[in-house]
Amino acid sequence: MSGFLAGLCVAVLPLLAAGFWLGRRTARPENLGGLGTPVEHATFETLHTASLAAPPLRAGLTGETARRSARRLRTLLGTDALCLTDQDTVLAWDGIGEHHRAEIMDRLGGPLETGRGEAFRLRCDEPDCVLRWAVVAPLTVDDRVHGTLVACAPRESAVLVRAAGEVARWVSVQLELADLDRSRTRLIEAEIKALRAQISPHFIFNSLAVIASFVRTDPERARELLLEFADFTRYSFRRHGDFTTLADELHAIDHYLALVRARFGDRLSVTLQIAPEVLPVALPFLCLQPLVENAVKHGLEGKTGKSNKSHISITAQDAGAEALVVIEDNGTGMDPDRLRRILTGEVSPSDGIGLSNVDDRLRQVYGDDYGLVIETAVGAGMRITARLPKYQPGVHSAGRLPRQ
């Protein structure tokens with residue numbers, strides 16, 4: 001989060017400076033129709049134009065995003081023509097003089113290789129063309145040149161050179177944020193794959209073994225469990241959407257618990273208390289099931305004799321702007337210091353299935369204030385609380401999978 005804020009500051013400060021400079025150039029004592037001083041008006045126009053150019057760039061540097069942002073960027077610079085390029089071609093041209101495309105690409109070898117800006121005179125045989133100079137500013141992400149911003153003007157200008165450099169740095173920040181968004185998406189996908197790999201080996205083996213044990217003695221029961229297994233694995237290994245609904249996640253948990261109860265019989269009892277109004281809340285896919293699996297593991301392992309029975313409670317309550325989900329077991333619990341080291345990645349999470357993964361994903365999606373709250377001690381069971389905002393920008397459920 002701090003890196004994002006730093007990037008935002010780097011992105012905005014040059015634009016504020018540009019707006020202030022433009023305002024000072026045109027400053028007069030009178031107000032402009034209630035919009036404030038000329039300085040304030042110019043600053044607003046600059047920031048407004050930048051805000052319109054930013055969304056396309058947050059998708060990366062492509063022909064489409066370059067086309068959608070080029071006009072706004074040319075407005076920021078106030079130049080006659082502007083183009084955005086990648087390493088090989090002009091992605092978008094806005095303004096006059098588009099016949100200079102080939103000439104400009106021929107001159108970009110140096111800036112693309114060194115990452116340094118450059119200005120050069122344009123050659124032109126068109127009698128009506130007023131463009132005589134081009135200013136090249138590289139677009140870099142992580143010290144790698146991805147392309148260039150080229151501003152064209154009738155005459156050489158040191159101010160245009162500096163302004164093009166500032167705007168190119170702002171564009172580079174947007175491209176870097178786009179790269180971070182892609183990295184975050186890849187990370188979430190990798191974490192979901194890790195959860196699937198973590199769930200599947202022991203759970204699939206045990207479930208199939210239980211189903212096989214009923215094939216001869218109770219074929220109808222075996223059939224029901226096989227359908228539960230099919231529904232659970234279909235949900236767990238689905239391919240679309242980073243988010244699901246609380247209703248769908250609880251539905252998958254119900255399939256999972258049916259298979260677990262078939263294995264452990266009356267050793268495991270489960271209580272669910274769900275408020276209907278929180279069922280549509282969107283949350284990260286496979287977010288609660290690992291917590292229930294953790295409760296099963298710690299609720300049953302290490303318990304012998306009369307104390308070998310385990311109880312798991314799952315509640316989901318309406319808490320105003322949030323849904324409050326609590327998963328509690330009366331199992332063996334865990335040493336709090338060991339739990340802390342699992343969540344911080346200092347030790348292997350083998351004793352806390354999915355806890356660190358789910359905690360990380362909740363913090364990535366909702367912020368650090370929304371990590372798991374875990375209360376436990378050795379021999380005292382475990383209580384896990386997850387707070388889920390009912391509404392969060394960018395968090396939308398992909399919807400329920402159709403039954404096959």
### Message
Can you confirm whether Ile384 sits close enough to Asn294 that some side-chain heavy atom of one is under 4.5 Å from a side-chain heavy atom of the other?
### Response
yes

### Query
So, Asp360 and Arg363, do they make that salt bridge, N to O below 4.0 Å?
no

### Gap separating the CG atom of Asp254 from the CG atom of Leu272, nearest 0.5 angstrom
7.0 Å

### pair Val141-Leu61: side-chain heavy atoms closer than 4.5 Å
no

#### Entry: Pairwise side-chain contact, Ile312 with Thr271, heavy-atom cut-off 4.5 Å (strictly under)
no

#### Entry: Which residues share a ring pair (Phe, Tyr, Trp, His ring centres under 6.0 Å) with Phe214, sequence neighbours left out
none

### Query
Closest heavy-atom contact between Gln289 and Glu249?
N-OE2, 3.2 Å

### Message
Between Val210 and Val260, is there a side-chain heavy-atom distance shorter than 4.5 Å?
### Response
no

### Task
Using only heavy-atom distances, determine whether the side chains of Tyr256 and Glu228 contain a donor-acceptor pair under 3.5 Å.
no

### Query
Which is it for Thr140 and His146 under the side chain to side chain donor-acceptor pair (under 3.5 Å) test, yes or no, and what are the steps along the way?
CA-CA 6 Å; Thr140 61; His146 284 226; over 6 Å; no

### Task
Taking the side chain as every heavy atom from C-beta outward, state whether His99 and Glu126 have any atom pair closer than 4.5 Å.
yes

Pairs of donor and acceptor atoms involving the side chains of residues 80-98, under 3.5 Å and at least two apart or interchain, shall be tabulated with distances.
{"unit_1": "Thr85", "atom_1": "OG1", "unit_2": "Thr148", "atom_2": "N", "d": "3.4"}
{"unit_1": "Thr85", "atom_1": "OG1", "unit_2": "Thr148", "atom_2": "OG1", "d": "2.7"}
{"unit_1": "Asp86", "atom_1": "OD1", "unit_2": "Asp88", "atom_2": "N", "d": "2.8"}
{"unit_1": "Asp86", "atom_1": "OD1", "unit_2": "Thr89", "atom_2": "N", "d": "2.7"}
{"unit_1": "Gln87", "atom_1": "NE2", "unit_2": "Val145", "atom_2": "O", "d": "2.4"}
{"unit_1": "Trp93", "atom_1": "NE1", "unit_2": "Ile96", "atom_2": "O", "d": "2.9"}
{"unit_1": "Asp94", "atom_1": "OD1", "unit_2": "Arg71", "atom_2": "NE", "d": "3.3"}
{"unit_1": "Asp94", "atom_1": "OD2", "unit_2": "Arg74", "atom_2": "NE", "d": "2.5"}
{"unit_1": "Asp94", "atom_1": "OD2", "unit_2": "Arg74", "atom_2": "NH2", "d": "3.2"}
{"unit_1": "Glu98", "atom_1": "OE2", "unit_2": "Arg101", "atom_2": "NE", "d": "2.9"}
{"unit_1": "Glu98", "atom_1": "OE2", "unit_2": "Arg101", "atom_2": "NH2", "d": "3.0"}

### Query
Below 4.5 Å, heavy atoms only, C-beta onward: do Glu322 and Tyr370 meet side chain to side chain?
yes

### Query
Are any of the side-chain heavy atoms of Leu177 and Leu57 separated by less than 4.5 Å?
no

### Minimum heavy-atom distance between Val278 and Leu246, given as atom pair plus value
O-CD2, 3.4 Å

### Query
Within a strict 4.5 Å, meaning less than it, do heavy atoms of the Leu122 and Glu103 side chains meet?
yes

